[in-house]
Novice: 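One structure, pasted below without further comment.
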Amino acid sequence: MLNNIDGSKLTIQEICEIGKSILNKSFREINEDGSIITKGGFGHFIERHVYNITPNSDSSPDFKLAKTELKVTPVRKLKNGTYSAKERLVLNIINYHEELNKTFYTSSFWSKNSILYIFFYLYQPDISNLDYIILKDLLIDFQELKTDLTIIKRDWETIHKKIKDGRAHEISEADTLYLAACTKGVNSQSLRTQPNSPDRAKQRAYSLKPSYMTRLFNKEPIDKYIDMMVDGVELEKLGFENLIVNRTNKYLNKSQSELIRLFNISSKSKNLNELILSSMLGLKNTKISKTEEFLKANIIPKTIRLEENNKIKEHMSFNTFKFTDIIEETWEDSYLRDYFESTKFMFSLFEKQGNDYFFRGVRFWNMPIHDIDNNLHDVWHETVNLIKQGKIIKKSGKITRNFFPKATDNPVAHVRPHAKNKADVYPLPVPDQLTKSTTFTKQSFWLNNSYILKIINHLFSDNSN
DNA sequence: GCATGATCATGC
DNA sequence: GCATGATCATGC
């Protein structure tokens, strides 16, 4: 496009000026020699054809003078007209040995990615990737995003601590809020050695979570979202999760009815507890899940009720899956695995005593990789196998019995109906052996109440927070 | 009483 | 109209 420029010598202003000139253009329009784009090649394409940079794998940023890293990433348009990031933004690969003795500001993450210049293009499933359109450019200087930087710094320290502790093989994306260590390799067999442990760990790269990328892309109509007005000093000292735990601890052991009176809540709905939690955090008329921090970090609030016999009555439900989709997946790229590896939960615990439920606090949790890749994998694998064989219905009648894994079959999860009613169905890829039916009631994966109870007992066993 | 199947309530 | 979070109902 511009052959007389040298990307390595451009200033930030010049980079952005050139960047603006390719907005609303397709890759085909930018490209002049008809070259194709291979997987992951969008970045190289822009480097080569727009900025005259020869792709390399330096530890320094692409634009040397401007100390700015170039990124090109897809968004997709949802049915409701809004946009969301299609993927996490993958940054540099982590060398566990080299990162060991670094601090945040000397880390490979910071030296390469402290300033990002990002192009978002619109992904569309049925067209050639050369026809994707560049929708937007965005310059991100993390120094200027104070709250984000505080959280990202803490995220980096969380990852760093696992490396230091010889636990790189236990790293999970959901350990952290905005900055994550995602797997990056040809396959799950891309293992690397790590310091302080004989166990080999999956190759990982720093990345910005999809939820965070979605917020970056949608930054303009910011009035729709509300920051939690977290205090910078407090955030730096405690970290986001402890800050939330501390704030809500003020209301420990108060009953639901007392809290409703205190906060003047009139609703009788099922999300009552979420409204109570919002009020504890000082949010007026805003759901916690709609706040800036929860949106960026993809934290899902869940309410847990402990009964008087110290048991949890209900299992925990998740999204339904399509029988036709799940059999096309491999475990490594399955929706289920991705969901649990990248989602953090905020559990708020209410314990029953007499006729009321008493607030026992809030804890954050994400599923350990070991549970994901063992027990959860078993349930998923068994389910996929049954669908592929058309082995679904065991006994048909007023109450239908099915072959899917039960809560008693596995310590972590099981499969159960999750639908409007029995007639609310998805198509089966293979007709059911017994009934020849080509559809079946929508199902979802559920976490066993016994598993949740174990987690709760563990999370709430130390009363230091 | 528990495990599993069935369905409700809300919000977008 | 449907996804999502949550809870109810039935049968062993």
Side-chain angles (χ1 to χ4, degrees), chain A residues 77-84 211 214 218 221 224-225 256 265-278 285-290 294-295 298-323 325-326 335-336 339-340 343-350 352 357 365 379 382-383 386 392-427 432 434-435 437 439-453 456:
Chain A
K77 196 170 186 175
L78 307 179
K79 277 184 211 140
N80 63 14
T82 64
Y83 293 91
S84 84
S211 44
T214 296
N218 293 308
K224 269 181 70 186
Y225 303 93
Q256 211 177 40
I265 296 168
S266 53
S267 166
K268 281 187 283 182
S269 67
K270 276 187 181 177
N271 70 347
L272 181 65
N273 287 330
E274 189 176 0
L275 294 175
I276 292 175
L277 260 291
S278 296
N285 303 319
T286 311
K287 289 174 67 178
I288 302 174
S289 53
K290 295 285 174 228
F294 275 67
L295 284 169
N298 189 28
I299 300 171
I300 309 289
K302 291 269 187 189
T303 302
I304 294 166
R305 302 196 317 188
L306 197 62
E307 302 302 321
E308 279 183 302
N309 57 5
N310 275 320
K311 290 209 166 150
I312 296 169
K313 193 155 56 177
E314 306 295 346
H315 306 282
M316 190 178 277
S317 66
F318 296 88
N319 310 352
T320 56
F321 57 83
K322 291 202 170 83
F323 305 114
D325 286 354
I326 197 169
Y335 174 85
L336 188 70
Y339 180 83
F340 279 103
T343 306
K344 196 183 267 301
F345 298 93
M346 184 185 80
F347 292 145
S348 42
L349 184 65
F350 285 84
K352 192 171 189 192
Y357 283 91
W365 175 83
V379 175
E382 172 71 4
T383 305
L386 290 166
I392 314 285
I393 298 170
K394 195 185 272 182
K395 202 179 128 200
S396 179
K398 194 177 162 205
I399 299 268
T400 302
R401 299 280 160 180
N402 64 57
F403 285 106
F404 291 128
K406 309 297 171 212
T408 41
D409 296 338
N410 185 285
V412 170
H414 63 280
V415 171
R416 280 234 312 290
H418 192 178
K420 196 152 64 72
N421 55 40
K422 220 168 128 173
D424 186 14
V425 296
Y426 278 137
D432 176 58
L434 180 73
T435 63
S437 173
T439 59
F440 192 56
T441 315
K442 292 176 184 173
Q443 308 278 316
S444 80
F445 290 96
W446 298 63
L447 291 187
N448 297 352
N449 52 8
S450 54
Y451 180 64
I452 305 281
L453 183 65
I456 288 299

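By convention in this document, chain letters (A, B, ...) are assigned in the order of the sequence lines, proteins followed by strands, and residues within each chain are numbered from 1.
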Novice: Is it true that the side chains of A:Lys313 and A:Asn309 contain a donor and an acceptor less than 3.5 Å apart?
Specialist: no

Novice: Do the ring planes of A:Phe323 and A:Tyr426 sit parallel (below 30°), tilted (30 to 60°) or perpendicular (above 60°)?
Specialist: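 Geometry flag for A:Tyr426 against A:Phe323: perpendicular rings.
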
Novice: Just verifying a value: how many Å separate A:Arg401 CZ and A:Phe404 CZ, rounded to the nearest 0.5 Å?
Specialist: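 Going from the CZ atom of A:Arg401 to the CZ atom of A:Phe404 covers 14.5 Å.
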
Novice: Taking DNA chain B as the partner, which of residues 416-423 of chain A come within under 4.0 angstrom of it by heavy atom?
Specialist: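 Result for residues 416-423 of chain A: A:Arg416, A:Pro417, A:His418, A:Ala419, A:Lys420, A:Asn421, A:Lys422, sorted by number.
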
Novice: Tell me whether the side-chain N/O atoms of A:Asn402 come closer than 4.0 Å to OP1 or OP2 in B:dG5.
Specialist: yes

Novice: Could you give the NE2-to-P distance, from A:His414 to B:dC2, as a whole number of Å?
Specialist: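 To the nearest whole Å, that distance equals 15 Å.
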
Novice: Angle, rounded to 10°, between the helical axes spanning five pairs at each terminus of the helix from B:dG1-C:dC12 to B:dC12-C:dG1?
Specialist: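 Axis-to-axis angle, ends of the helix: 30°.
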
Novice: Do A:Thr400 and A:Lys395 have a side chain donor and acceptor closer than 3.5 Å?
Specialist: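 Side-chain D/A pair, A:Thr400 to A:Lys395: absent.
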
Novice: Just to be sure I understand the rule, does A:Lys394 reach a base, reach only the sugar-phosphate, or reach nothing, if contact means heavy atoms closer than 4.0 Å?
Specialist: nothing

Novice: Nearest whole angstrom, please: distance from the C1' of B:dT4 to the CH2 of A:Trp446.
Specialist: 10 Å

Novice: Should the pair A:Lys302 and A:Phe318 be classed as cation-pi, given the thresholds of under 6.0 Å to the six-membered ring centre and 45° from the axis?
Specialist: yes

Novice: A:Thr441 near the nucleic acid: base, sugar-phosphate alone, or nothing, with a heavy-atom cut-off under 4.0 Å?
Specialist: nothing

Novice: In whole Å, what is the span from the NZ atom of A:Lys398 to the P atom of B:dA6?
Specialist: 10 Å

Novice: Yes or no on ring-ring contact (aromatic ring centres under 6.0 Å, His included) for A:Phe321 and A:Tyr335, after CA distance, side-chain angles and deciding distance?
Specialist: CA-CA 9 Å; A:Phe321 57 83; A:Tyr335 174 85; 9.8 Å; no

Novice: Below the 4.0 Å mark, does C:dC2 have OP1 or OP2 next to a side-chain nitrogen or oxygen of A:Tyr426?
Specialist: no

Novice: Closest heavy-atom contact between A:Thr303 and A:Phe350?
Specialist: CG2-CD1, 4.0 Å

Novice: So what does A:Thr303 hit on the nucleic acid, given a heavy-atom distance under 4.0 Å: a base, only sugar-phosphate, or nothing?
Specialist: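 The answer is sugar-phosphate, as A:Thr303 gets under 4.0 Å only of primed atoms, P, OP1 or OP2.
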
Novice: Ignoring hydrogens, what is the shortest heavy-atom contact between A:Asn421 and A:Thr441? Give both atom names and the distance.
Specialist: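 In terms of heavy atoms, the two residues are closest at O-CG2, 3.7 Å.
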
Novice: Distance check needed: B:dA3 P versus A:Tyr451 OH, whole Å only.
Specialist: 18 Å

Novice: Using the test side chain to side chain contact (heavy atoms under 4.5 Å, CB included), find all partners of A:Asn448 that sit at least two apart in sequence or belong to another chain.
Specialist: A:His315, A:Ala407, A:His414, A:Ser450, A:Tyr451

Novice: Kindly point out which of B:dA3, C:dA6, C:dA3 is positioned nearest to the side chain of A:Thr408?
Specialist: B:dA3

Novice: In whole Å, what is the span from the CG atom of A:Asp409 to the C1' atom of B:dA3?
Specialist: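 The distance from CG of A:Asp409 to C1' of B:dA3 comes to 11 Å, rounded to the nearest Å.
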
Novice: What is the distance from NZ of A:Lys395 to P of B:dA6, rounded to the nearest Å?
Specialist: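 So the two atoms are 11 Å apart, to the nearest Å.
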
Novice: Just to be sure I understand the geometry, which residues of residues 305-319 of chain A put a non-hydrogen atom under 4.0 Å away from DNA chain C?
Specialist: A:Arg305, A:Glu314, A:His315, A:Ser317, A:Asn319

Novice: Measure NZ/A:Lys442 against C1'/B:dT4 and give the value in whole Å, please.
Specialist: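 These atoms are roughly 20 Å apart.
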
Novice: Among residues at least two apart in sequence or on other chains, which ones pass side chain to side chain donor-acceptor pair (under 3.5 Å) with A:Asp424?
Specialist: A:Lys442

Novice: Could you grab the distance from atom CG of A:Asn410 to atom CG of A:Leu447, nearest 0.5 Å is fine?
Specialist: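 The distance works out to 10.0 Å.
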
Novice: Whole-Å distance between B:dT4 P and A:Phe403 CZ?
Specialist: 14 Å

Novice: Please name all residues satisfying side chain to side chain donor-acceptor pair (under 3.5 Å) with A:Thr435, sequence neighbours left out, ordered by chain then number.
Specialist: A:Asp432

